[in-house]
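Before any comments, here is the structure.
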Amino acid sequence: MKDLIRKVDLPVFILSGGIIILFIVYGFINVEGLKSGINVLFSWSTEFFGPLWYILVILYFVLGIYIAFSKYGKIRIGRTDKVNFTKIQWLSMVMCTLLAGVGVFWAAAEPVAHFASPPPYYPVTENPTQQAYNALSQSFLHCGFLVWSIMGSTLVTIAYAYLVYYKNLPLKPRTLLYPIFGDKAIHSKGIIGPVADAFCILAVMAGTIGPVGFLGTQLGYGLEDLFGFTNGFGLQALMISIVMVVYVLSASTGLNKGIKYLSQANIFLTLILFCFILLFGPLRFIINTFIGSFGQHLGEIVNLATYTQNPGWASYWTYFYWAWFLGYSPLMGIFIIRVSKGRTLRELIITMSIIAPIITMLWFTVLGGSGLYYEINNPGSVLDVFNANGGFNVPGTLLSITKQLPLGFIVSVLFLFLSATFIITTGDSMSYTISSISLKKTSSEQETSKTLRIFWGLAMGIVAIILLYIGGVSALQSFIVITAVPVSLILIPPLLKAMKYVKTMHEIDNEPNNQK
């Protein structure tokens, strides 16, 4: 234990852990005061930083695509052509980790939400098919090309690839600030580095705790609806505890065991359910709706991505998504660079900014589009459930769709299990990544502390349970947006310096007698 304490970056550990503890304690003392304060900060964050987030996601995508198809796309991460994982293993790990938040919950609920209440960008229409197209096109903005360029940490990974492998700097979020602050950003004795790392940890904690807590409500609702259990805090806490134990055990085994195999199993189950819905669900509607919605989205993506005429609506939809995934970006970049050694920048960017978004949009159409089909052909079969319990019944929306499929009971159970495995994968990988930046010395080759992985994994699960108890999961969702404010500032240097980084890497790699 003494050896571990010497290795831990105490300022980062104390600052990030301290804020989380204060958040919990104040929530117990004054729940309403906590919610009120978070609502004020939420409004301030979206009002002043929402436009910046629009600019960041658009420029990250555009510049990333340019680099991918330029001569710099041939640069290999880690200055080697030897990869650590097969392409299937690699794709499984990054897709499962990144899709966890939206993979099941929002893929089912968001298209239904936009169908029930049309987004302000689209005019009201009496044509239900067009209304479905509009709902999916809007959903694609929140799960498609622009989001994945940030969520997949394309320019952040490029920055790490240069600063870590060519400058020998630590693999930590603070390193992204090196071009501005130099060594002051790197040393733990200063304030810049620890604060940057701590805020990135908080953003990822907030972004992961929210889905973990929500999973408790999803599983609780499902067990009540399918098996007759009494849905309440006790059942939800038990479900979170089981999930927490699983991802803590998986994270404790490291990248090459738990995370790798769990991700592959997750992808396998997703493919089975995907193919089942295509074969036995509304196949013609899904195909036609995907083609129509995807084409409509491509034609309107610029206008959709820059639509700011209804900031109130954007705050709870577009700004929330931007903030959520912006907050993940610095730590996701660390995870991605660890599993992407030997991959080219072109392979990384095309996968993250083109292939993964198309797969995600197709998944939204298969799951959410099926819900729209059932609602159009049997009005009330989905929306009545969605609008129950005061409205926006996301847990119920998923089951209202799956129960209408053939073998609905079995399919519903499998989707609940898939919901859990998605969250387990993210809790697993984020526990691993947070623990890596909690150490004083961090490199792309260094294995993290098992004790730290277990600590952070338990912390996320316990906080999710406590927040459910005090009714704070919704407040934490707003907290996601708040924590994205400082993190979004950390993402500016990778954008400004990306071209310099790739030019320098290209020049070094092509020097005569260069030893990689």
Does any part of the side chain of W90, heavy atoms only, come nearer than 4.5 Å to the side chain of E347, both counted from C-beta? yes
Whether F320 and W324 hold their rings parallel, tilted or perpendicular, with breakpoints at 30° and 60°: tilted
Heavy-atom closest pair, residues A464 and V212: CB-CG1, 3.8 Å
H142 vs W317 aromatic rings, parallel, tilted or perpendicular, using cut-offs 30° and 60°? parallel
Heavy-atom donor-acceptor pair, N30 side chain to Y26 backbone, under 3.5 Å: no
For the residue pair Y321 and E110, confirm or rule out a side-chain donor-acceptor distance under 3.5 Å. yes
F455 and F13: aromatic ring centres closer than 6.0 Å? yes
Under 4.5 Å between any side-chain heavy atoms of W148 and I354, yes or no? no
Can you list the steps and then say if T344 with L348 is a side chain to side chain contact (heavy atoms under 4.5 Å, CB included)? CA-CA 6 Å; T344 65; L348 172 74; over 6 Å; no
Kindly check if the number of other-residue, nucleotide or ligand heavy atoms within 6.0 Å of OH (Y166) is above 12? yes
Donor on one side chain, acceptor on other, Y328 and T208, under 3.5 Å: yes
Close side-chain approach of I150 to W322, heavy-atom, < 4.5 Å: no
Between S139 and H114 the two heavy atoms that sit nearest each other are OG-CD2, 3.4 Å
Answer yes or no: are there more than 12 heavy-atom neighbours, outside Y121 itself, under 6.0 Å from its atom OH? yes
If you measure from the Lys or Arg side-chain nitrogens to the Asp or Glu carboxylate oxygens, is any gap between K172 and D9 under 4.0 Å? yes
Scanning both residues in full, the closest heavy-atom pair of I337 with A161 reads CD1-N, 3.5 Å
Taking D81 first and then R343, would you say they form a salt bridge - that is, a charged N and a carboxylate O separated by under 4.0 Å? no
Restricting to non-hydrogen atoms, name the atom on F422 and the atom on T270 that form the minimum distance, rounded to 0.1 Å. CZ-OG1, 3.8 Å
Quick one: does E507's side chain have a donor or acceptor within less than 3.5 Å of a partner on T504's backbone? no
Check: M205 and I20 side chains under 4.5 Å, non-hydrogen atoms: yes
Contact summary for P173 and I334, nearest pair of heavy atoms: CD-CD1, 3.7 Å
Taking the side chain as every heavy atom from C-beta outward, state whether F335 and M332 have any atom pair closer than 4.5 Å. yes
So, taking the atom named CG in N84 and the one named OG in S340, what distance separates them when rounded to the nearest 0.5 Å? 9.0 Å
Here the gap from L304 atom CG to T318 atom OG1, rounded to the nearest 0.5 Å, amounts to 8.5 Å
Between R346 (side chain) and S70 (backbone), is there a donor-acceptor pair under 3.5 Å? yes
OG/S153 to CD1/I336 distance, rounded to the nearest 0.5 angstrom? 4.5 Å
Give a yes or no answer on whether the side chain of Y54 reaches the backbone of Y307 with a donor-acceptor pair at less than 3.5 Å. yes
Measuring only between side-chain heavy atoms, which start at C-beta, is V485 closer than 4.5 Å to F199? no
With a 4.5 Å limit on heavy-atom distance, are the side chains of I349 and I158 in contact? yes
Please test L52 against S488 for side chain to side chain contact (heavy atoms under 4.5 Å, CB included), starting from the C-alpha separation and ending with a verdict. CA-CA 8 Å; L52 170 64; S488 61; 4.1 Å; yes
Donor-acceptor contact present, side-chain D197 to main-chain R174, <3.5 Å: yes
How long is the straight-line distance from CD1 of I424 back to CG of L215, given to the nearest 0.5 Å? 8.0 Å
The reported gap from CD1 in I240 to CG in L468 (rounded to nearest 0.5 angstrom) is 4.5 Å
Quick one: closest heavy-atom pair of F42 and S315, and the distance? CZ-O, 3.4 Å
Atom pair OG/CD1 of S16 and I201 - distance to nearest 0.5 Å: 4.0 Å
Is there a donor-acceptor pair closer than 3.5 Å between any side-chain N or O of Y60 and the backbone N or O of L491? yes
Donor-acceptor under 3.5 Å (T433 side chain, M430 main chain): no
Anything under 30° is parallel, anything over 60° is perpendicular, the rest tilted; go ahead and classify Y319 against W53. perpendicular
Side-chain contact test, heavy atoms from C-beta onward, threshold under 4.5 Å: evaluate it for Q309 versus P120 and give yes or no. no
May I ask you to decide if S149's main-chain N or O and T154's side chain share a donor-acceptor pair within less than 3.5 Å? yes
F49 ring center within less than 6.0 Å of W44 ring center: yes
Start with the C-alpha gap between Y162 and V502, add the side-chain angles, then the distance that decides, and say whether side chain to side chain contact (heavy atoms under 4.5 Å, CB included) holds. CA-CA 8 Å; Y162 171 69; V502 295; over 6 Å; no
Check for a donor-acceptor pair, side chain of Y247 on one end and backbone N or O of G457 on the other, with a separation under 3.5 Å. yes
Flag, side chain of S353 to backbone of I350, donor-acceptor distance under 3.5 Å: no
Evaluate the side chain to side chain contact (heavy atoms under 4.5 Å, CB included) criterion for residues I508 and M505: first the C-alpha distance (whole Å), next the side-chain angles of each, then the deciding distance (0.1 Å), finally the verdict. CA-CA 5 Å; I508 294 174; M505 287 190 285; 5.9 Å; no
For I88, is the CD1 atom crowded, meaning more than 12 foreign heavy atoms sit under 6.0 Å from it? no
Residue pair D509, R76: steps toward the salt bridge (Lys or Arg N to Asp or Glu O under 4.0 Å) verdict: CA-CA 9 Å; D509 288 350; R76 290 191 177 273; over 6 Å; no
